[in-house]
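In what follows, a structure is listed as structure tokens, so that the remarks can point back to it.
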Amino acid sequence: MARKSVKLALAAAIAVTAALILALFAVPRVRDLADRRVEAAIDSLRETVYSASGLRLGYEYAAIVSTDHITIHGIELFREDADENSVLRRKVASVGDLSLEVDLWAAIAGNPAGFLKRIRIASLKVDLILPVDRSIYEKISAYLAEQAKRSGATELPVLDIEVADASIAVDAGAEGSFTSSIPSLGISTAPERIEAAASSLLLFASAPSLAGKELFLQASALKASSDASFAAISLAAALSGRYGEYAIADLPLTALVQDGAVEANVRSGQGLSMAARYDMASGAFSGELGLKEYRPDADLRGLSGTLAELGALRYGGAVNIRYESGRLGYEGALTVAGAAGQNVAGVDVGSATAQVSGSGDAAGLSAVKVSGKLGGYEAGYEGKLGYEGLSVEGALRLAGGGQELAGLLKGEKGIYRLAVADGELAGFKVKGLSASADARGKVLALGLEGTIIAAGESLSVKATGRYGKNLSFSGNVGYRGTTYGLEGTYDGEAV
């Protein structure tokens with residue numbers, strides 16, 4: 001028994017000694033082989049990055065921290081633009097630290113699919129100039145499409161990606177500048193699916209089209225997912241933002257990218273719904289706005305004065321919009337109603353209602369109908385409205401107490417005329433009444449002609465006026481068979 005124990009102990013000692021000798025001579029060779037593999041992998045990565053994007057990759061140094069941990073520091077991506085005399089290099093992107101958790105044995109054995117396990121990216125900065133750098137996106141898209149066509153792969157590697165402190169800055173020249181930042185982003189992939197989550201995404205925009213004000217948008221609790229082929233990408237977030245003094249509260253947003261189209265939906269719990277669809281191939285766009293007992297001030301902050309009063313009213317209806325092949329079209333109907341105790345510009349609108357419906361295109365509204373009720377009276381307009389030249393042509397009406405006045409409004413480019421048919425309202429009868437306005441110059445030219453009858457007395461008017469800093473007028477007034485000439489100036493601030 002003792003001999004057997006001695007033999008076992010001797011065998012163990014020999015095995016340990018052999019292992020130590022192997023470690024002394026073999027491990028450095030394995031590590032050296034791993035270093036060469038890492039350098040070769042980075043050189044291959046450089047070639048891949050240039051082929052895919054046209055950008056040159058540089059870095060300060062790479063190190064093997066442990067047998068399963070590689071770090072690359074100071075990564076930079078450069079764009080090179082050459083002419084006859086020089087080569088201009090501009091940094092497009094940089095990464096402070098790239099940390100890779102790997103399986104070195106997979107690399108040594110030539111199994112690239114099992115090499116990467118986790119990627120950590122810190123301080124990712126991207127700086128783009130448009131339209132020049134649009135070619136980078138186009139080149140990457142073409143490369144990915146070609147690789148997918150060649151490989152036919154439908155599965156993704158099992159991998160976790162963590163991104164911290166990422167930002168993207170875009171200089172679009174005369175169109176403005178845009179900055180986006182993501183404090184943290186997590187991406188996980190599986191053979192058949194990829195998922196991403198971010199606590200928030202911030203976007204700042206400054207552009208001439210924003211009238212000197214900065215636009216800020218924030219997407220909170222951002223989640224995205226896709227299948228391995230990226231045929232369907234879904235997105236969900238809570239959207240908020242600020243423009244000047246106005247701000248919107250969190251609005252739930254969902255989006256889907258599928259079959260070459262982007263579909264987005266926004267719904268608030270206050271009665272607002274918006275849906276949009278964009279076809280990336282044709283450029284066709286369609287959208288729908290839905291309102292149900294909706295108060296804008298429930299989601300929109302910063303309203304004041306008359307805007308705050310209008311924001312407290314309740315709106316309903318739906319509007320559809322579409323754009324395709326350079327042609328714009330829209331149609332819909334909206335309603336608005338006041339509640340007891342509400343005022344707009346000092347007017348009690350507690351019992352007021354209004355409706356507007358119509359359809360049109362980029363030139364204007366070819367068929368619009370507006371009607372409203374206030375204080376026992378009804379008013380309406382039905383006709384056309386052209387945007388270019390501000391042209392109008394349609395019927396106006398004002399009714400109350402079983403009586404009505406109706407007329408035709410027509411004009412464009414600052415010249416307008418209203419002709420009122422014979423009628424009666426609130427005890428006043430009108431015959432042959434017409435009014436005109438010419439606003440082409442700095443001074444507004446006015447005209448009025450017609451007859452008004454009240455309590456059996458007739459008053460005929462034919463007058464002209466001019467309004468600039470004050471109102472001047474001249475004309476004739478006929479009363480009980482006598483014509484009186486009038487002429488004067490009104491110097492008040494309001495007319």
Side-chain angles (χ1 to χ4, degrees), residues 34-81 87-104 107 112 115-130 132-133 136-137 139-140 143-144 157-171 177-189 194-205 216-220 222-224:
D35 286 337
R36 291 199 302 271
R37 289 280 187 173
V38 170
E39 291 178 3
I42 293 177
D43 289 339
S44 176
L45 178 62
R46 278 181 167 146
E47 296 176 2
T48 301
V49 168
Y50 184 74
S51 298
S53 64
L55 300 176
R56 298 292 186 183
L57 184 148
Y59 66 100
E60 293 180 5
Y61 66 92
I64 299 178
V65 179
S66 63
T67 57
D68 64 349
H69 189 185
I70 301 172
T71 60
I72 306 175
H73 300 271
I75 298 174
E76 294 182 338
L77 292 173
F78 293 92
R79 179 189 179 108
E80 291 185 345
D81 295 302
V87 176
L88 177 64
R89 301 185 77 195
R90 174 167 59 85
K91 184 168 65 175
V92 173
S94 64
V95 175
D97 291 290
L98 176 64
S99 176
L100 308 175
E101 289 187 17
V102 301
D103 185 346
L104 288 179
F115 179 60
L116 275 178
K117 295 190 296 183
R118 184 185 301 272
I119 301 175
R120 291 186 175 93
I121 302 172
S123 300
L124 170 64
K125 312 293 180 186
V126 179
D127 292 285
L128 301 176
I129 298 176
L130 296 180
V132 176
D133 289 336
I136 299 173
Y137 167 77
K139 191 173 182 66
I140 292 174
Y143 176 84
L144 293 176
V158 178
L159 181 64
D160 289 327
I161 303 173
E162 299 174 5
V163 182
D165 186 25
S167 66
I168 301 175
V170 179
D171 182 354
S177 60
F178 310 88
T179 303
S180 178
S181 64
I182 304 176
S184 63
L185 172 65
I187 303 172
S188 62
T189 66
I194 179 171
E195 295 182 348
S199 57
S200 65
L201 183 151
L202 310 177
L203 172 66
F204 296 88
F216 163 73
L217 294 174
Q218 178 176 359
S220 304
L222 181 65
K223 295 182 179 180

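- The distance from atom CD1 of Ile72 to atom OH of Tyr61, rounded to the nearest 0.5 Å, is 11.5 Å.
- Under the side-chain hydrogen bond (donor to acceptor under 3.5 Å, both in side chains) test applied with Glu101, the options Lys117, Arg120, His69 reduce to a single match, Arg120.
- Separating the CG atom in Asp127 from the OG1 atom in Thr179 is a distance of 9.0 Å, to the nearest 0.5 Å.
- The distance from the CZ atom of Phe204 to the OG atom of Ser180 is 9.5 Å, given to the nearest 0.5 Å.
- Taking all atoms of both residues into account, the shortest heavy-atom contact from Ala166 to Val163 is CB-CG1, 3.8 Å.
- Across all their heavy atoms, Ile140 and Ser53 have their closest contact at CG1-CB, 3.8 Å.
- In terms of heavy atoms, Ser51 sits closest to Tyr143 at O-CD1, 4.0 Å.
- Taking CD of Glu76 as the start and CG of Leu55 as the end, the distance is 12.5 Å to the nearest 0.5 Å.
- Contact record, Ser200 with Pro183: O-CD, 3.4 Å, taken as the closest heavy-atom pair.
- Closest non-hydrogen pair, Lys125 versus Ser167, comes out as CD-OG, 3.2 Å.
- In this structure, Leu201 CG and Leu185 CG are separated by 9.0 Å, a value rounded to the nearest 0.5 Å.
- Remark: Thr71 OG1 to Asp97 CG distance equals 7.0 Å, nearest 0.5 Å.
- Using modelled atom types, no side-chain atom of Arg79 and backbone atom of Arg90 make a donor-acceptor pair closer than 3.5 Å.
- Of all heavy-atom pairs between Tyr50 and Lys139, the closest is O-CE, 3.9 Å.
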